[in-house]
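Presented below is the structure to which this report refers.
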Amino acid sequence: MSYKVDRYVIQEVAQGLRGRIDKGEKLVPVSINLSRADFQMMDPLTELNQAMRKNGLRWFLVRVEITESALSKDVAGGHSQLPPGRL
């Protein structure tokens, strides 16, 4: 069930950043945490990429944090799907 919350967080972060841009507010990078369950139940990096594109966001605004347990079995080779420097 946590993957559903993380999917929601991805969407909310992207929409929130877009809203701040539209209002001319100061921007700070936001971290999004991904877990093993996220990689097992969905494709979180595709979700994030789609949310970023949909909202016209640049990658310097988002930091992706992946739990050690998610990387311990290289679930779906996920780390290779991020832009350079986003881990």
Side-chain angles (χ1 to χ4, degrees):
M1 176 90 88
S2 67
Y3 75 94
K4 291 181 180 181
V5 172
D6 290 342
R7 180 180 285 142
Y8 175 79
V9 167
I10 288 169
Q11 298 303 318
E12 287 296 307
V13 164
Q15 291 171 7
L17 287 168
R18 179 78 253 163
R20 292 185 72 84
I21 290 169
D22 292 345
K23 293 176 185 173
E25 296 177 350
K26 183 178 178 181
L27 297 174
V28 294
V30 177
S31 292
I32 295 178
N33 297 295
L34 301 176
S35 69
R36 176 179 282 177
D38 293 329
F39 287 92
Q40 291 172 335
M41 302 302 293
M42 66 176 183
D43 184 349
L45 301 178
T46 296
E47 295 274 342
L48 183 56
N49 279 317
Q50 289 174 350
M52 297 290 285
R53 280 194 306 271
K54 178 180 176 182
N55 290 282
L57 301 175
R58 302 202 39 184
W59 276 103
F60 74 89
L61 293 171
V62 175
R63 302 285 183 249
V64 176
E65 297 179 10
I66 301 175
T67 62
E68 287 183 33
S69 64
L71 293 177
S72 66
K73 291 189 179 180
D74 187 25
V75 179
H79 65 279
S80 63
Q81 298 175 17
L82 285 174
R86 292 296 118 197
L87 283 178

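Note that these values count all heavy atoms, side chains included, but never hydrogens, waters or copies made by symmetry.
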Query - Minimum side-chain heavy-atom gap L57-I21 below 4.5 Å - result: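 Result yes, sub-4.5 Å side-chain heavy-atom pair found.
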Query raised in the report: Heavy-atom distance under 4.5 Å between the side chains of D6 and P44, does that happen here?
Result: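 Not in contact.
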Requested in this report: Considering non-hydrogen atoms only, spot the tightest contact between D38 and L34 and give its length.
Outcome: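 The pair with the smallest heavy-atom distance is OD2-CA, 3.2 Å.
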Reported [atom1]-to-[atom2] distance for the pair [X] and [Y], which is rounded to 0.5 angstrom:
{"X": "S35", "Y": "M41", "atom1": "OG", "atom2": "CE", "value": "10.5 Å"}
{"X": "L45", "Y": "M52", "atom1": "CG", "atom2": "CE", "value": "12.0 Å"}
{"X": "L48", "Y": "I32", "atom1": "CG", "atom2": "CD1", "value": "5.0 Å"}

Table please: side-chain donor-acceptor pairs of residues 8-15 below 3.5 Å, with sequence neighbours left out.
none

Query - Residue pairs involving residues 22-33 (criterion side chain to side chain donor-acceptor pair (under 3.5 Å); sequence neighbours excluded) - result: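 Pairs touching residues 22-33 that pass the test: R18-D22, R20-E25, S31-E65.
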Report task. Check step by step if side chain to side chain contact (heavy atoms under 4.5 Å, CB included) holds for V30 and L17. Result -> CA-CA 9 Å; V30 177; L17 287 168; 4.0 Å; yes
